[in-house]
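To keep things clear, I will list the structure first and then write my remarks on it.
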Amino acid sequence: ALPVYPSEGNYLVVECIEAGVDPEALAAAMADHGFIIRAGIYHSRRHGHRFVKVSTTVPTAWVDEFCELLPGIIERLRDPPVIAKKPRL
């Protein structure tokens, strides 16, 4: 969700709460694909757990790639793989 739209800024604030995704995990996952976005905690201690900040002053091809990657990354972060616990000896 975009809580501030339309905006005069050169970035978007993207809410993560309804998607069930941690903003810091989303920022880290996007960084793995070469996209640097900021987790909200960088900007606000009070509300930073709710959003990421995404710059819009990038080439259109980057925006297209970001938009293609985002749904799959969100889905993966929502349903993290189960890690088997090491058996006790």
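Val58 and Val14 fall within the same hydrophobic cluster, where Ile, Leu, Val, Met, Phe, Trp and Tyr residues are linked whenever their side-chain heavy atoms come under 4.5 Å apart, directly or through other members. Val54 and Ile41 fall into different hydrophobic clusters, defined by Ile, Leu, Val, Met, Phe, Trp and Tyr side-chain heavy atoms under 4.5 Å apart, directly or through other members.
In terms of heavy-atom proximity, His33 sits nearest to Ile73 at CD2-CD1, 3.6 Å. Shown here for His49 and Ile17, the closest heavy-atom pair between the two residues is O-CD1, 3.9 Å. The nearest pair of heavy atoms linking Val52 to Ala39 is CG1-CA, 4.3 Å.
Listed by chain and residue number, Glu15 satisfy the salt bridge (charged side-chain N to carboxylate O under 4.0 Å, His left out) test with Arg50 (two or more places apart in sequence, or in another chain). With sequence neighbours excluded, no residue satisfies side chain to side chain donor-acceptor pair (under 3.5 Å) with Glu65. Judged as a side-chain contact (heavy atoms from CB on, under 4.5 Å), and not counting sequence neighbours, the contacts of Thr60 are Asp64. Every side-chain contact (heavy atoms from CB on, under 4.5 Å) that Asn10 has, sequence neighbours left out, goes to Thr56, Thr57.
For the atom pair CG of Leu69 and CZ of Arg76, the computed distance is 9.5 Å after rounding to the nearest 0.5 Å. Rounding to the nearest 0.5 Å places CD1 of Ile37 at 11.5 Å from NZ of Lys53.
When hydrophobic residues (I, L, V, M, F, W, Y) are linked wherever their side-chain heavy atoms come within less than 4.5 Å, the members clustered with Val13 are Tyr11, Phe51.
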May I have the list of side-chain donor-acceptor pairs in residues 22-29 shorter than 3.5 Å, sequence neighbours left out?
from: Asp22; atom 1: OD2; to: Glu24; atom 2: N; distance (Å): 3.2
from: Asp22; atom 1: OD2; to: Ala25; atom 2: N; distance (Å): 3.0

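Screening residues 52-72 for ring pair (Phe, Tyr, Trp, His ring centres under 6.0 Å) gives Phe35-Phe66 as the qualifying pairs, with residues at least two apart or on separate chains.
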